[in-house]
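For reference, positions follow the sequence shown, starting with 1. Whatever order the structure lists them in is the order used to number ligands and atoms, beginning at 1.
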Amino acid sequence: MTAQASIDRDEIRAQLRRWIAAEWSPELSLLEWRRRLAHGGWACPTWPREWGGRSLPAAFAEIVADELAAAGVPGPPDGVGMHLAAPTILEHGSDDLRGRLLPPIATGEMVWCQLFSEPGAGSDLAGLTTRAERHGDAWVVTGQKVWNTGAAHADLGLLLARTDWEVPKHRGITYFAIPMRQPGIEVRPLRQMNGHASFNEVFLDGARVPAENVIGQVGDGWKVALTTLAHERRLAPTRRIASRPNIAGRAWREAIAERVAASEPHKWYPQRAGRPDLVIARAVAAGKRADPVVRQEIMKLVALAWSAKWTAQRAAATRARGHPPGPEGSIGKLASSTIARAAARVHALIADASGMLAGSDSPLGGTIAEIFLSVPAISIAGGTDEIQHNILAERILGLPREPEADRDLPFSRVRRND
Ligand SMILES: Cc1cc2nc3c(=O)[nH]c(=O)nc-3n(C[C@H](O)[C@H](O)[C@H](O)COP(=O)(O)OP(=O)(O)OC[C@H]3O[C@@H](n4cnc5c(N)ncnc54)[C@H](O)[C@@H]3O)c2cc1C
């Protein structure tokens, strides 16, 4: 038995309860509470001790999150910093980057966005043309990014840029942590068909990144990007809500305000997932629970949702044994979009034509219409369904790679539209 496996779950729970009893006060500011959490190693308990964690096995993340929720205290921050930047920096960052960038992720003092996609490079991300050139102790970046969630409020961006045009496309990319608040960066919000504005276009014109903000090696950014994408494709972690009714005091007021502000661009994300949780109540309310077609579609949806949940649990168990997220994330991502579409179909059957109406007097105050307009996004974000199929075909089924005529050419000789 390994040392990690022998760690006692009840002992960890008891340690955390004792720690909370000694450290928590509802009158702390949220920042002060998060600093204490981080300092105690409880904000990110699976990070190595030297970087502010407790070196606990992955399975303990859930235990600690459950225990914080049960104690009725705010947890660590959510978002791109915690879920994408931190694992990428832990795996590939220099010690200087880990020391500088991980602590403000753990406390939520630095907000991150992801600057990967470009107008001409989404699925073919390795074809990106944003350029970074070394000038003295900095890199100077010029180009355009698009669909960047939350970029308007971010302090730092996970940026992919091309630093070598004379090698094949996957080999000339470098991965940077770029400061967002600078004159060389302009962020323009985009409005979506569902009325929300979570995305942005980001224009980089002579933007500067300190040389020490390269994550991984110069020219090795594709390998680093694969780590970020693997974390992005696993199913989103479940958010814990404190179960006790004692949500009062300064720290909670600030935590709730933060959650409201941070979730503003993502208010439509539950609708993006198709709201399978609503279908049974909607069928009953619409008098369609005995309709054989509606019943059959609901059963198909429930069966899909349960099998996806078990698959996600299997993947989580694999990670808990210390394996990094791999192509199984593609199965979870495909399952999410299949479920979202199936749920939207059932909502359409139940609501009939009235489901197309928006506004307060439409079904569920416009929520049903918002589902129809939001569900397509889940098949695109983090890599489209077709790209997940390609990944599964190649990496799990072992089928031949799809042909790519430009894969081995120096990027400067690849035919492009720019
Ligand atoms: C909700 C949401 C949030 C997002 N957040 C971010 C973010 O924060 N940061 C960021 O950088 N990007 C973000 N994106 C962008 C996202 O990563 C891209 O939209 C996605 O990778 C697809 O790229 P594209 O839009 O350029 O489509 P394209 O790549 O142009 O694809 C168009 C169509 O062609 C198909 N296709 C393309 N290549 C192949 C192939 N080889 N085989 C089969 N079919 C293919 C695609 O499946 C798709 O149907 C977000 C997108 C969404 C919807």
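- The heavy atom nearest to atom 36 (N) of ligand 1, out of those in Pro403, Ser123, Gly122, Gly127, is found in Ser123.
- Put simply, CZ on Phe60 and CH2 on Trp42 are 9.5 Å apart, with the number rounded to the nearest 0.5 Å.
- For Trp268, no nitrogen or oxygen atom sits less than 3.5 Å from a nitrogen or oxygen atom of ligand 1, counting backbone and side chain alike.
- When the salt bridge (charged side-chain N to carboxylate O under 4.0 Å, His left out) test is applied to Arg314, no partner is found at least two apart in sequence or on another chain.
- The ligand atoms of ligand 1 that sit less than 4.0 angstrom from a heavy atom of Thr149 are 3 (C), 4 (C), 5 (N), 6 (C), 7 (C), 8 (O).
- In this structure, atom 33 (C) of ligand 1 has its sub-4.0 angstrom surroundings free of protein heavy atoms.
- Side-chain N/O atoms of Thr227 and His92 include a donor and acceptor closer than 3.5 Å.
- The distance from ligand 1 to the heavy atoms of Asn148 drops below 4.0 Å at these ligand atoms: 7 (C), 8 (O), 9 (N), 10 (C), 11 (O).
- The protein reaches atom 8 (O) of ligand 1 closely, with a heavy atom under 4.0 angstrom from it.
- Distance CG/Leu84 to SG/Cys113: 11.0 Å, rounded to 0.5 Å.
- In the vicinity of Arg272, heavy-atom distances shorter than 4.0 Å reach the ligand 1 atoms 1 (C).
- Using a 4.0 Å threshold on non-hydrogen atoms, atom 51 (C) of ligand 1 counts as touching the protein.
- Here the shortest heavy-atom distance to atom 14 (N) of ligand 1, taken over Trp147, Tyr269, Phe116, belongs to Trp147.
- Atom numbering of ligand 1 starts at 1 in the shown order; those under 4.0 Å from a heavy atom of Thr384 are 22 (C), 46 (C), 47 (O).
- Ring planes of Trp147 and Phe199: perpendicular class, angle over 60° (limits at 30 and 60°).
- Numbered from 1 in the order shown, with element, the atoms of ligand 1 that lie under 4.0 Å from a heavy atom of Asn390 read 40 (C), 41 (N), 42 (N).
- Taking the six-membered ring for Trp and thresholds of 30 and 60 degrees, Trp268 and His196 have nearly parallel ring planes, at less than 30 degrees apart.
- Protein non-hydrogen atoms do reach within 4.0 Å of atom 28 (P) of ligand 1.
- Of all the listed residues (His196, Glu386, Lys145, Glu404), Glu386 holds the heavy atom that lies closest to atom 43 (C) of ligand 1.
- By the ring-ring contact (aromatic ring centres under 6.0 Å, His included) test, Trp47 pairs with no residue at all, sequence neighbours left out.
- For the salt bridge (charged side-chain N to carboxylate O under 4.0 Å, His left out) criterion with Lys145, the lone passing option out of Glu118, Glu186, Glu201 is Glu118.
- Counting only N and O atoms by type, the side chains of Gln388 and Ser330 include a donor and acceptor under 3.5 Å apart.
- Taking every non-hydrogen atom of Ala377 and a distance limit under 4.0 Å, the qualifying atoms of ligand 1 come out as 53 (C).
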